[in-house]
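We number each residue from 1, following the sequence as shown. Fair warning: this is a prediction, and the values are worked out from it, not measured in the lab.
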Amino acid sequence: MADMTTSDSDFQQLRARLHRAIPGGAHTYSRGDDQFPAIAPPVLVRGKGAHVWDSRGNCYLDYGMALRAVTLGYADARVNAAAAAEMEKGVNLTRATLTELQAAETLIDLVPSVDMVKFGKNGSNVTTAALKIARAYTGKRYVCVPRQQPFFSFDDWFIGTTAIKRGIPTEQSAATLVFDYGDTASLRRLFEEHPQQIAAVMLEPATTLIPCPPDCDVPSCWPAQSCANCSRREDNFLRQARKLCDNAGALLIFDEMITGFRWHLAGAQTFFDVHPDLTTFGKGMANGYSVAAVGGKREVMEVGAIDRPGMERTFLLSTTHGAEMTGLGAFMETVRIYKGEDVCAHLWRYGRSLQEAFASLSAKHGLGSYVYTEGPAISLNYITRDRDGEVSLAFRTLLAQELLKRGVMMPWIAISQSHGASELEQTVAALDGALEVYAQALEGKVDDFLIGPAIRPVFRTHN
């Protein structure tokens, strides 16, 4: 077990320094103290493969994987070498570079729905750019997003729809409409209530929720067979959304920050055989390097062109570092590795094994109704319930805490190519021990087993 207690002064000093220097103590809210058990290390020093090390030298098997951005493994030598080679070329030059042209062509060749692409450095910028493109192309106002999908952008148009509204004028999010993922009727109502006013529907193609009809459950044929040849393909929610958009003259935007480079190398849109007008990518596309992209049909993307005489201009994306060569070199090498080693197939296989391990160990400890995974093997989440059967953040904290004690950091489940047989064996052993404690806590009071407070939702009105 790792050497961890909440009272140790060095950890407390690090936490204090973080919060004194950085609002929130980290640059992403999901990395904050309130998202981890109190015994979690406040800072990490390095990562390699599927493991990370803290400031004391403790090693953890990691399932956070840089907020799902690392899909091959930390510090992959091949990707680092590709980035370093671009660094030697100057990193960022005065005019467009050959590297950014080659990177753009790589994404265009990879994803059938992408004819043109603009790169950025984070997902929020490219999702907001996609919305601007849609409004410029259609001349319409509203964008529709699913309430079940928690994050699309840090910009006001989206954050204003969440519980955290401080600092955001109401009018900034007034044109963002919310529907229920998987419920075609709820999306159709928005089109009926705002006729000829909806510019776009933006959604993640899948999460733990999938677009297939309810009686499909989680298809056992995945990933050997995709949904392209399914007899129920017309009932797929993505296809229904496609039809609603087409009928209303709206654009369909897929946010593939998480699904891209996991479900399929060419995106979940290829897996489900539903092609959007615009797509945003990020996270795993460069194995942790800062690269994001918005791409789509030529006629749509060309609203940002400057070589169309007399056309009204759209200020699309203009970023100094959007085409930074190091990240784009990492992206192209990541694609090469994916193609040569069928990385997505590995992610599916390992996910299936982890899914089965959770089920088996939960049953062993009599916890089948209290701790389990949901979603397909490529997109797992673990659910924790209390004695009354209610979803419990306190019990989620307890499980994460006990896994940390046993050297496994699992704030959520993100799998990489570096998760292999030995990592699965370590996870199974840690989960076995953690679930034993979970069972004890069900019989008593969970607070008696927690070291520190329970984790809390990011989107809450007060600290």
Side-chain angles (χ1 to χ4, degrees), residues 27-28 44-49 65-111 114-130 133 256-257 260-262 265-267 278-296 298 301-302 304-307 315-344 416-418:
H27 283 84
T28 313
L44 296 174
V45 176
R46 66 186 180 94
K48 182 65 179 176
M65 298 310 293
L67 314 186
R68 299 183 173 89
V70 174
T71 50
L72 300 178
Y74 293 114
D76 185 281
R78 301 160 295 180
V79 177
N80 284 352
E86 295 298 329
M87 193 184 305
E88 292 299 323
K89 296 177 184 177
V91 179
N92 204 344
L93 308 180
T94 303
R95 295 210 66 191
T97 66
L98 180 61
T99 298
E100 71 187 88
L101 172 59
Q102 292 170 334
E105 290 174 339
T106 296
L107 190 61
I108 290 166
D109 291 343
L110 191 65
V111 184
V114 174
D115 299 324
M116 300 182 80
V117 60
K118 271 274 203 174
F119 291 111
K121 300 306 285 183
N122 63 70
S124 291
N125 288 149
V126 295
T127 53
T128 296
I133 293 167
E256 294 234 38
M257 294 295 155
F261 298 86
R262 286 191 180 275
L265 177 55
L278 293 168
T279 307
T280 59
F281 290 101
K283 290 192 183 288
M285 68 185 298
N287 196 47
Y289 281 84
S290 181
V291 180
V294 55
R298 184 174 306 281
M301 292 291 294
E302 280 186 337
I306 65 169
D307 60 347
F315 198 92
L316 204 163
L317 265 179
S318 182
T319 57
T320 300
H321 301 291
E324 184 183 6
M325 297 154 70
T326 49
L328 296 181
F331 159 62
M332 289 187 284
E333 179 63 11
T334 299
V335 170
R336 187 194 67 79
I337 294 168
Y338 263 75
K339 287 180 176 179
E341 301 179 11
D342 200 0
V343 174
C344 289
S416 76
Q417 187 188 34
S418 294

Checklist line | Set of salt bridge (charged side-chain N to carboxylate O under 4.0 Å, His left out) partners for Arg298, sequence neighbours left out | finding: none

Next item on the list: For residues Thr99 and Gly329, report the shortest heavy-atom separation together with the two atoms involved.
Entry: CG2-N, 4.4 Å

Next item on the list: Please list, chain by chain and in numerical order, all residues satisfying side-chain hydrogen bond (donor to acceptor under 3.5 Å, both in side chains) with Thr319, sequence neighbours excluded.
Entry: none

Notebook entry, point to check: For the residue pair Lys48 and Ala75, what are the closest heavy atoms and their distance?
Noted result: NZ-O, 2.8 Å

Notebook entry, point to check: Do you know which two heavy atoms are closest between Ala293 and Phe119, and how far apart they sit?
Noted result: CB-CD2, 3.8 Å

Next item on the list: Could you pull out all residues at least two apart from Thr128 that satisfy side-chain hydrogen bond (donor to acceptor under 3.5 Å, both in side chains)?
Entry: Ser153, Asp155, Trp157

Next item on the list: Check salt bridge (charged side-chain N to carboxylate O under 4.0 Å, His left out) between Glu341 and all other residues, then give those that pass, not counting sequence neighbours.
Entry: Arg78

Check: Is the closest side-chain heavy-atom distance between Val117 and Val111 below 4.5 Å?
Finding: no

Next item on the list: Apply the test side-chain contact (heavy atoms from CB on, under 4.5 Å) to residues Glu302 and Asp307: give CA-CA distance (whole Å), side-chain angles for both, the deciding distance (0.1 Å), then the verdict.
Entry: CA-CA 9 Å; Glu302 280 186 337; Asp307 60 347; 5.7 Å; no

Notebook entry, point to check: Under the salt bridge (charged side-chain N to carboxylate O under 4.0 Å, His left out) test, which residues partner Lys89, sequence neighbours left out?
Noted result: Glu86

Margin query: Restricting to side chain to side chain contact (heavy atoms under 4.5 Å, CB included), what partner residues turn up for Leu316, sequence neighbours left out?
Written below: Lys118, Ala129, Ile133

Next item on the list: Could you grab the distance from atom CG of Leu328 to atom CE of Met285, nearest 0.5 Å is fine?
Entry: 8.0 Å

Margin query: Checking Thr279 now: which residues fulfil side-chain hydrogen bond (donor to acceptor under 3.5 Å, both in side chains) with it, not counting sequence neighbours?
Written below: Gln269

Note to self: Please enumerate all residues that pass side-chain hydrogen bond (donor to acceptor under 3.5 Å, both in side chains) together with Thr71, with sequence neighbours excluded.
What the structure shows: Tyr338

Notebook entry, point to check: What is the distance from atom CG of Leu265 to atom CG of Leu110, rounded to the nearest 0.5 Å?
Noted result: 4.5 Å

Notebook entry, point to check: Do Val114 and Met301 come close enough that some side-chain heavy atom pair is under 4.5 Å?
Noted result: no

Notebook entry, point to check: After noting the C-alpha distance and the side-chain angles of Asn92 and His321, does the key distance pass the side-chain contact (heavy atoms from CB on, under 4.5 Å) rule?
Noted result: CA-CA 7 Å; Asn92 204 344; His321 301 291; 3.4 Å; yes

Next item on the list: Grab the two heavy atoms, one from Met257 and one from Thr127, that are nearest each other, plus how far apart they are.
Entry: CE-CG2, 4.4 Å

Check: Which atom names give the shortest non-hydrogen contact between Lys121 and Ala292, and what distance separates them?
Finding: C-CB, 4.3 Å

Checklist line | Sequence-distant partners of Tyr74, ring-ring contact (aromatic ring centres under 6.0 Å, His included), two or more places apart | finding: none

Without placing hydrogens or testing angles, list every side-chain donor-acceptor pair under 3.5 Å for residues 100-109, not counting sequence neighbours.
from   : atom 1 : to     : atom 2 : distance (Å)
Glu100 : OE1    : Thr97  : N      : 2.9
Thr106 : OG1    : Gln102 : O      : 2.8

Item checked: Point-to-point distance, once rounded to the nearest 0.5 Å, from CG of Leu72 to CZ of Phe261 -> 10.5 Å

Margin query: Once salt bridge (Lys or Arg N to Asp or Glu O under 4.0 Å) is applied, what residue pairs with a partner in residues 326-337 remain, sequence neighbours excluded?
Written below: Glu333-Arg336

Note to self: According to side-chain hydrogen bond (donor to acceptor under 3.5 Å, both in side chains), does anything in residues 282-292 pair up with another residue at least two apart or in another chain? List the pairs.
What the structure shows: Asn80-Tyr289

Checklist line | Closest non-hydrogen atom pair between Ala286 and Ala330, with its separation | finding: O-CB, 3.9 Å

